[in-house]
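Letters A, B, ... mirror the listed sequences (proteins, then strands); counts begin at 1.
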Protein chains: 2
Amino acid sequence: MLDPVSRVRRFNRAVTSAVGALDTSFLGRGRPLGAARVLNAIGHGRSDIGDVRDYLGLDSGLMSRLLRSLEDEGLIETHAHEDDARRRVASLTRAGKREFAAYEALSNTQAEGFLARNSQREALLAAMDLIASALTRDRIALTEMDPRSDGARYCLGEYYAELGRRFKQGFDVSLSRDPDAKEMRRPRGSFIVAMSDMLPIGCVGLKGTDHGYAEIKRLWVAPSARGLGLGKRLMDTAEDAARSLDIALLRLDTNSALPEAGQLYRTTGWREIPRFNDDPYPDLFFEKRL
Amino acid sequence: MLDPVSRVRRFNRAVTSAVGALDTSFLGRGRPLGAARVLNAIGHGRSDIGDVRDYLGLDSGLMSRLLRSLEDEGLIETHAHEDDARRRVASLTRAGKREFAAYEALSNTQAEGFLARNSQREALLAAMDLIASALTRDRIALTEMDPRSDGARYCLGEYYAELGRRFKQGFDVSLSRDPDAKEMRRPRGSFIVAMSDMLPIGCVGLKGTDHGYAEIKRLWVAPSARGLGLGKRLMDTAEDAARSLDIALLRLDTNSALPEAGQLYRTTGWREIPRFNDDPYPDLFFEKRL
DNA sequence: AGCATTGTCTGACTTTAGTCAGAGATCGTT
DNA sequence: AACGATCTCTGACTAAAGTCAGACAATGCT
């Protein structure tokens, strides 16, 4: 009754019925679930229908019929893909957008209701993030992004907030040499964000310099995503980016107040070197030749 | 992207696909999902078929056919209910038990796999308990039970263990005047257990005395179920039980090391009174007239 | 004893979901 | 230009799920 497996299974039962309830509320809009799912996938930006098919795991015949039924309802339109006329892309009509918004409202209301019914809001959200990250760990996508994009800015904000908590003396971004976003964009450098189902959960920056090396900066993994090996994946991806930019030498600085980071560097081919900058926060310096 | 509602929805998406994966693995046993669900419900002890029907939300016609198909497979047998021959009860045959065990093994393997894949085992389990309790909060059933039943004994065990942790000097049941189970059974008193999907998550005892009042004892709520107002529901139910037993005056003792409890009593019509027993543990005493 | 109610079952459907083969158009490659 | 590969679509299915009316037996209540 109390062993770990039973607890996981109790959780499964609880969420199964919650998920079922949302499906039922979707059914309330008078359309079979299959068609509703396709409409929502398109609404969420999956316009390429092959993409939708893969995402929902549908047979091509079934998919085609669902598209037809949505078209007959006047909710979507399909066009040939501009680069490849075999492929089709779908888009919502005005009525389709209204209908999609109605589904969104249902989902939002359900989520808000859940939050409103429960008092331990923050604890619940943290628990949900943790579980969602664990469940989607093998679907985490690392993508290069502009450091000024929403996803990147969110990660950086969380990163700075965490530094502030971890360092005894606090952390003030302006004191640190905040690398210009330009230096973390191709062709100078790169910025990589880990997205778990549209939520950014980690990042790393590769910052170009004029000193014959590039720097790894801003490695961060969301608390809810730790223990999944994401730090290593981010670093590997950053190194790949460096290689693709013909960068042969990497350096980074870190602080001994972040022991997990130091541990990661030491076990992945970095070697400690003497201080190479005068930034006040770091007290550990590493280098790696690619 | 980061607002609470989006986080809840991300969680929903993550668990939806996980739940779908379990369904698919169930399908692997060559039986439609509907029939598999009925078999599992019976295996889990829902023998009364009306009960199964309500639990799974099935139409009675559909239910009947699913039972027939399981009977044809030789997995279940049905009999008339012994008190009411209109109702039917189902039980697993030997082959049915084997098949049920196979489904159990699938579920267990899936749960174990999830735990094994992730390092933050305890954090995940705590998160799952929290979410499961929050999701099932309006399906928490408060039922009167014998204080010697499994569910009641489990709650009492957890209750004593928690007292031991909370009290500086520890807690030894034998030192406390442990009320005889008889005094917490009708017609003397009552014992109420809160069950969330077969897991006992709270209890309260109403103990009859010969002094013109009854006592509230052993109020306990599982850590994962706190913040749901369950303490109040348990107390309300105990008061209802008292009224149904024509008890007009209630007393209880508690300890100031349990501030949530004192807070609950004060805000629900209880008033503090002088010590009325010589039990060594309590240092706060309350009374309520019904 | 009579009558409404309850619980289950059967028959006769409809709707959804999913499968499979093949047609027709388009694309990339040679 | 020819060929095989790719993508979507249609037709022709099957299987699963769900709905509804009514039959039938047992029960509770007057």
side-chain hydrogen bond (donor to acceptor under 3.5 Å, both in side chains) contacts in which one or both residues fall within residues 47-63 of chain B, not counting sequence neighbours: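 Passing the test, one end in residues 47-63 of chain B: Asp48(B)-Arg87(B).
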Rounded distance (nearest 0.5 Å) linking atom CD1 of Ile131(B) with atom CZ of Phe11(A):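 Ile131(B) CD1 to Phe11(A) CZ: 5.0 Å, rounded to 0.5 Å.
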Of residues 77-85 of chain B, the positions that come close to DNA chain C - non-hydrogen atoms, cut-off under 4.0 Å: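 Per residue number, the list is empty: none.
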Close residues, residues 35-59 of chain B, relative to DNA chain C [heavy-atom separation under 4.0 Å]: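 Those residues are Ile49(B), Gly50(B), Arg53(B).
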Closest non-hydrogen atom pair between Ala225(B) and Ile201(B), with its separation: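 Closest heavy-atom pair between Ala225(B) and Ile201(B): CB-CD1, 3.9 Å.
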Within 6.0 angstrom of Arg153(B) CZ, more than 12 heavy atoms from elsewhere: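 Open.
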Interface limits on DNA chain C, where chain A has a heavy atom under 4.0 Å of a nucleotide atom: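 Contact span on the strand: dT16(C) to dC27(C).
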Steps toward side chain to side chain donor-acceptor pair (under 3.5 Å) verdict (Ser69(A), Asp72(A)): CA-CA 5 Å; Ser69(A) 82; Asp72(A) 293 349; over 6 Å; no
Measure [atom1]/[X] against [atom2]/[N] and give the value in whole Å, please.
| X | N | atom1 | atom2 | answer |
| --- | --- | --- | --- | --- |
| Arg87(B) | dA26(D) | CZ | C1' | 12 Å |
| Met63(B) | dA17(D) | CE | C1' | 14 Å |
| Leu33(A) | dA17(D) | CG | C1' | 12 Å |
| Leu62(A) | dT8(D) | CG | C1' | 14 Å |

Sequence neighbours left out, cut at 3.5 Å: what donor-acceptor pairs do the side chains of residues 18-28 of chain A make with other protein atoms?
{"from": "Thr24(A)", "atom 1": "OG1", "to": "Gly20(A)", "atom 2": "O", "distance (Å)": "2.8"}
{"from": "Ser25(A)", "atom 1": "OG", "to": "Leu22(A)", "atom 2": "O", "distance (Å)": "3.0"}

So, [X] and [Y]: side-chain donor and acceptor under 3.5 Å apart, yes or no?
| X | Y | value |
| --- | --- | --- |
| Arg10(B) | Ser196(A) | yes |
| Ser190(B) | Glu144(B) | yes |
| Arg139(A) | Ser17(B) | yes |

N/O donor to acceptor pairs below 3.5 angstrom from side-chain atoms of residues 37-44 of chain A, sequence neighbours left out:
{"from": "Asn40(A)", "atom 1": "ND2", "to": "Ala36(A)", "atom 2": "O", "distance (Å)": "2.8"}
{"from": "His44(A)", "atom 1": "NE2", "to": "Glu104(A)", "atom 2": "OE2", "distance (Å)": "3.0"}

Under-3.5 Å donor-acceptor pair between Arg86(A) side chain and dT6(D) base: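 Indeed there is one.
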Short side-chain N/O contact from Arg68(A) to OP1 or OP2 of dT8(D), under 4.0 Å: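 No, Arg68(A) has no side-chain N/O under 4.0 Å of OP1/OP2 on dT8(D).
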Verdict with reasoning, Asp240(B) to Arg243(B), per salt bridge (Lys or Arg N to Asp or Glu O under 4.0 Å): CA-CA 5 Å; Asp240(B) 289 345; Arg243(B) 270 184 278 265; 3.4 Å; yes
